[in-house]
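The block underneath contains the structure these notes are about, expressed in structure tokens.
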There are 2 protein chains.
Amino acid sequence: MNRVISIESIKVACKNCSLGSLCLPMGLTPPDVEKLEKIIKRNRPLHRNDHLFRENDSFSSLFVVKTGTIKTYLPREDGGEQVLGFHLPGEIIGLDAIQDERHTCSAKVLETSAVCELPFGQLEELAQVIPSLQHQMFKLLSKEIAEEGKMLTLLGKKNAEERLASFLASLSCRFKRRGFSATDFYLSMSRNEIGNYLGLAVETVSRLFTRFQEEGVVRVDRKHIELLDQDRLEAVAKGSLCARTSESNSA
Amino acid sequence: MNRVISIESIKVACKNCSLGSLCLPMGLTPPDVEKLEKIIKRNRPLHRNDHLFRENDSFSSLFVVKTGTIKTYLPREDGGEQVLGFHLPGEIIGLDAIQDERHTCSAKVLETSAVCELPFGQLEELAQVIPSLQHQMFKLLSKEIAEEGKMLTLLGKKNAEERLASFLASLSCRFKRRGFSATDFYLSMSRNEIGNYLGLAVETVSRLFTRFQEEGVVRVDRKHIELLDQDRLEAVAKGSLCARTSESNSA
DNA sequence: GTCAGTTCTTGATGCAGATCAACGTTCACT
DNA sequence: AGTGAACGTTGATCTGCATCAAGAACTGAC
């Protein structure tokens, strides 16, 4: 095996990238992908706790996670933070900053990660001449907006166990699409960050992991998660388990 | 006063529209606005409880609220719903549907409303030849994404009174930008819908209105709201009032 | 290795807000 | 103007989860 990596393969990689259909180039013709590759910058890898950008930084590029995990969060008035999301390979970061050319949130690296940098000005120019790229970008932004509804439902209507089950199910599904195991993975975020994201106290998250394990739904060892009963997990996530009389606020 | 309205002014109105700078044409040159106007359809007014579209309907157009209020919501498994937002004049609906050409949520009219319909295919074509329109659309989508963070913070970290105060403050601000009073307005949604949106029970919303009134922050009469102390309302919304030791989940 | 600082777990307690219940008010319809 | 249904308010009670507390397990620096 040749472990030497040519400069070329580092610089221009979309066409070989394992993310392929998950990423921005999806739906572009090979020549268009090449044009896109020309504007992409690949930087040195980022390490745990590095910041990709911070709230209020001026915006010039979008980033696609290539490997690793990146957390986005919003600093709060009281010094705390609100975790907005955990971004896996193929997911795009920085879309919120297009509006006024300033990042509205901060992005922090959870585990050694690599990102592709897409200078937005150039991306726009390219989208101007490649209709399918423009379309792809609209879809991408739209997807982000559509996802929001699920999160609002999670925070507004679900109880603690439904939230954590939803979280695990979502991770599982996303890992699977990336070619990793859907039932055996490592969490790159702390319990605290999970709780923060889900609107729960750390203690609650911890207790739920214990409970899920007792119930045989998962096996948990520190950050290592094995899903033993995915159907049940999905059921819990949907709240379709247990007695559910709920018809509240059906308006 | 001439109360006859010409067909022309109904069909083509962006340039005269009071929304002007709030709406999509913002930042476009007058000739570009004209091109945009050509693709806009203006339909007959919609009445309370009409649906503009329903979840899963196939997507062909975006809509801009011209007058009135429109609620978007997500049907839930259990028959209930999750209110996603209340849309005032100038706000765009349907952005979530671009991704797979199917609406992911439903849109229901809360009070007699008029909307401008923007056939998305034509809009994309136009954006392809008007760079500033493409840019404007990216910004629009981005704005929607940036807003999400605030809502997650609201649902994940704020208590009931902070939520309701935030809600009123947001409405106030949005009315003001539209040239209405920031301190005296009517709610077009029910208490139930407010509670649903904010992740609270109706009873809690009702009690809070009463409490805010007792504290002299607002005057409430049914759906009529007067903000008596905006500073205080803002302070409550931010949670910067009362004893706040909170440093929880600061991660 | 050891030590300090996180992070995680588990138990005990308290409270904000949900839920239940009952009544008042408004609205839509005829 | 009257009637039923929807909506809103208020009070009493209950409970899920936050909070407090303390110890255990892990992590990284030296």
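All chains are named by letter (A, B, ...) in the order of the sequence lines, taking the proteins before the strands, and each is independently numbered beginning at 1.
The interatomic distance linking B:Arg191 (CZ) with C:dG24 (P) rounds to 19 Å, in whole Å. For the pair A:Tyr186 OH and D:dC26 P, the computed distance is 13 Å after rounding to whole Å. Taking atom CZ on B:Arg48 and atom P on D:dA6, their separation rounds to 12 Å, with Å as the unit. Between B:Glu111 atom CD and C:dA28 atom C1' the separation is 18 Å, expressed in whole Å. The separation between A:Ile194 atom CD1 and C:dT7 atom P is 13 Å, rounded to whole Å. In this structure, A:Leu187 places its CG atom 10 Å from P of C:dC8, rounding to the nearest Å. Straight-line distance from the CG atom of B:Leu208 to the P atom of D:dG8: 15 Å, rounded to whole Å. Taking atom CG of residue B:Asn196 and atom P of nucleotide D:dC7, one finds them 13 Å apart after rounding to whole Å.
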For nucleotides 15-18 of chain C, tabulate all protein N/O to nucleotide N/O atom pairs closer than 3.5 Å, reporting atom names and distance.
residue : atom : partner  : partner atom : Å
C:dG17  : OP1  : B:Ala160 : N            : 2.6
C:dA18  : OP1  : B:Gly199 : O            : 3.4
C:dA18  : OP1  : B:Ala201 : N            : 3.4
C:dA18  : OP2  : B:Ala201 : N            : 3.1
C:dA18  : OP2  : B:Thr204 : OG1          : 2.3

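No side-chain donor from either of B:Asp57 and B:His51 sits under 3.5 Å from a side-chain acceptor of the other.
A salt bridge does not link A:Glu117 to A:Arg42: none of the charged nitrogens lies less than 4.0 Å from a carboxylate oxygen. Salt-bridge annotation for A:Arg211 and A:Glu214: absent, with no side-chain N of the basic residue lying under 4.0 Å from a carboxylate O of the acidic one.
The stretch residues 221-229 of chain B comes close to DNA chain D through B:Arg222, B:Lys223, each having a heavy atom under 4.0 Å from the strand.
Considering only residues two or more places apart in sequence or on other chains, A:Ser172 meets the side chain to side chain donor-acceptor pair (under 3.5 Å) condition with A:Gln230.
When the shell of 6.0 Å around CZ of A:Arg219 is examined, it contains 12 or fewer heavy atoms from other residues, nucleotides or ligands.
Between C:dT10 and A:Ser206, no contact under 4.0 Å exists linking OP1 or OP2 to a side-chain N or O.
For A:Phe185 and A:Phe180, the ring centers are positioned 6.0 Å apart or more.
When each of B:Lys108, B:Lys71, B:Arg76 is tested with B:Glu81 by the rule salt bridge (Lys or Arg N to Asp or Glu O under 4.0 Å), just one qualifies, namely B:Lys71. For the salt bridge (Lys or Arg N to Asp or Glu O under 4.0 Å) with A:Glu91, the qualifying choice from A:Lys143, A:Arg177, A:Arg174 is A:Arg174, the only one to do so.
Note that CG of A:Leu88 and CG of A:Leu110 are 10.0 Å apart. Values are rounded to the nearest 0.5 Å.
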